[in-house]
Amino acid sequence: DTLWDLAIAEVEKRENPDNDDVKPGDVWEKSVLFMGNKTGGKTTIILRCLEREESPKPTLALEYTFGRRARRHNTPKDVAHFWELGGGTSLVELIRIPITSHNIRTFAVVLVLDLSKPTELWTTMETLLQVTRNHVNKILTKLEKTNPEVAAEIKQRMWNDLQRDHPDYALVDPFPIPLVIIGSKYDIFHEFHSEMRKIISKTLRFVSHYYGASLV
């Protein structure tokens with residue numbers, strides 16, 4: 001299986017433990033927003049995920065593409081919507097365009113941090129995550145009035161994967177939607193002084209732990 005197939009299987013397993021609600025004709029649809037440092041490798045990651053042999057071009061503002069793949073033979077193709085925010089933190093207000101009340105249940109965020117620019121890591125991470133979180137919280141506040149069941153489901157879901165007996169359970173503050181943090185340009189990062197690498201690694205692990213995110 002490819003990484004894509006494994007990811008689909010894992011999401012299906014989490015959302016439908018017994019697979020009782022999955023019907024042969026159902027179309028599985030997800031949206032992902034990639035954001036992070038300028039020239040950090042977001043476009044390259046998306047192209048590799050879509051298995052496209054193209055040379056990455058600079059992202060000007062907010063770009064959209066999609067991929068389709070059949071789960072099984074003679075079944076409708078599942079759809080993955082890829083949004084990419086360019087400009088680092090300068091265009092962060094554009095995140096309100098792809099993340100809406102209509103797709104919030106199936107939305108995830110991928111934060112790509114350029115490890116070769118340690119002085120920009122914290123500012124980029126803090127700015128992008130804070131603005132995104134504020135926007136998602138506004139959507140959830142509206143949903144609590146219009147569709148309280150969905151709002152409750154989303155809020156509960158972000159706590160489901162955390163261990164209740166973990167000593168940090170009361171200290172963490174999970175991101176309201178699935179979050180993946182990717183450290184790019186690891187080959188350059190690997191050449192840094194060991195103390196610098198240790199500080200950056202500990203910082204990223206802490207942030208991921210606090211937000212309940214996955215770190216790559």
Side-chain angles (χ1 to χ4, degrees), residues 1-7 10-11 14 32-59 62-63 82-92 94-95 107-134 136 158-163 165-216:
D1 289 344
T2 64
L3 182 60
W4 180 289
D5 297 324
L6 294 173
E10 177 64 21
V11 171
R14 291 186 182 187
V32 184
L33 170 64
F34 282 77
M35 56 187 186
N37 296 95
K38 290 182 181 178
T39 66
K42 301 182 294 296
T43 305
T44 300
I45 295 172
I46 292 174
L47 290 176
R48 287 186 180 180
C49 188
L50 294 173
E51 298 178 354
R52 292 182 184 173
E53 298 295 332
E54 302 174 20
S55 298
K57 299 177 182 178
T59 303
L62 182 68
E63 295 190 3
F82 291 90
W83 296 86
E84 182 184 355
L85 178 68
T89 60
S90 62
L91 301 171
V92 67
L94 291 178
I95 59 99
F107 210 100
V109 170
V110 176
L111 175 63
V112 181
L113 298 174
D114 187 343
L115 297 179
S116 71
K117 301 176 181 177
T119 57
E120 299 178 14
L121 284 178
W122 185 266
T123 303
T124 300
M125 177 170 56
E126 188 177 40
T127 302
L128 292 174
L129 291 183
Q130 189 60 50
V131 173
T132 304
R133 182 168 209 160
N134 289 342
V136 172
M158 63 186 183
W159 288 96
N160 287 342
D161 292 333
L162 300 180
Q163 299 175 355
D165 57 349
H166 194 284
D168 296 342
Y169 186 80
L171 303 176
V172 299
D173 190 11
F175 208 68
I177 56 179
L179 171 65
V180 176
I181 300 175
I182 297 178
S184 65
K185 302 187 181 179
Y186 184 83
D187 53 337
I188 299 176
F189 167 79
H190 191 65
E191 299 300 321
F192 289 172
H193 188 275
S194 60
E195 194 61 30
M196 173 71 80
R197 297 201 309 270
K198 187 183 297 183
I199 293 173
I200 294 174
S201 297
K202 285 185 175 180
T203 300
L204 292 180
R205 286 202 300 268
F206 168 78
V207 171
S208 300
H209 179 58
Y210 180 76
Y211 283 123
S214 297
L215 177 63
V216 182

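The first residue in the sequence is number 1, and the count goes up from there.
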For residues 186-194, run the donor-acceptor check on the side chains, cut-off 3.5 Å, and write out each pair with its distance to 0.1 Å, sequence neighbours left out.
{"unit_1": "His193", "atom_1": "ND1", "unit_2": "Glu195", "atom_2": "N", "d": "3.0"}

Check your understanding: Can you tell me how far the NZ atom of Lys38 sits from the OG1 atom of Thr124, to the nearest 0.5 Å?
Key -> 10.0 Å
**Study point:** Glu120 and Asp114, any side-chain heavy atoms less than 4.5 Å apart
**Key:** no
Review point. Does the side chain of Val216 come within less than 4.5 Å of Val180's, by heavy atoms?
Key: yes
Practice item. Considering non-hydrogen atoms only, spot the tightest contact between Gly40 and Val112 and give its length. Key: O-CG1, 3.7 Å
Check your understanding: Does anything in residues 206-216 pair up under salt bridge (Lys or Arg N to Asp or Glu O under 4.0 Å), and if so which pairs, sequence neighbours excluded?
Key -> none
Review point. Considering all heavy atoms of both residues, which atom of Val109 and which atom of Met35 are nearest to each other, and what is their separation?
Key: CG1-CE, 3.4 Å
**Study point:** Leu115 CG to Ser184 OG distance, which is reported to the nearest 0.5 Å
**Key:** 6.0 Å
Review point. Is the number of heavy atoms from other residues, nucleotides or ligands under 6.0 Å of Lys117 NZ greater than 12?
Key: yes
Can you give me every donor-acceptor pair (side chain of residues 204-213, partner residue at least two apart or in another chain, under 3.5 Å) with its distance?
{"unit_1": "Ser208", "atom_1": "OG", "unit_2": "Leu204", "atom_2": "O", "d": "2.9"}
{"unit_1": "His209", "atom_1": "NE2", "unit_2": "Asp168", "atom_2": "OD2", "d": "2.9"}

Point to revise | Working for side-chain contact (heavy atoms from CB on, under 4.5 Å), residues Ile45 and Glu84 | key: CA-CA 11 Å; Ile45 295 172; Glu84 182 184 355; over 6 Å; no
Review point. Between atom CG of Leu128 and atom CD of Glu126, what is the distance when rounded to the nearest 0.5 Å?
Key: 10.5 Å
Point to revise | Approximate separation, where rounding is to 0.5 Å, of Leu179 CG and Arg133 CZ | key: 9.5 Å
Review point. In Å and rounded to the nearest 0.5 Å, what is the CH2 to CG distance from Trp122 to Leu113?
Key: 11.0 Å
Check your understanding: With a 4.5 Å limit on heavy-atom distance, are the side chains of Trp159 and Val172 in contact?
Key -> yes
Exercise for review: Heavy atoms only: give me the nearest Leu111-Gly36 pair and the separation to one decimal.
Suggested key: CD1-CA, 4.0 Å
Study note, to complete from the structure: For Leu33 and Leu85 the tightest heavy-atom approach is CD1-N, 4.2 Å
Check your understanding: Closest approach of Asn37 and Lys42, non-hydrogen atoms and distance?
Key -> O-NZ, 2.7 Å
**Study point:** Met158 versus Pro176, closest heavy-atom pair with distance
**Key:** SD-CA, 3.3 Å
Point to revise | Neighbour count >12 (heavy atoms, 6.0 Å) for atom CZ, Arg48 | key: no
Check your understanding: When rounded to the nearest 0.5 angstrom, what distance separates CD1 in Ile95 from OG1 in Thr132?
Key -> 4.5 Å
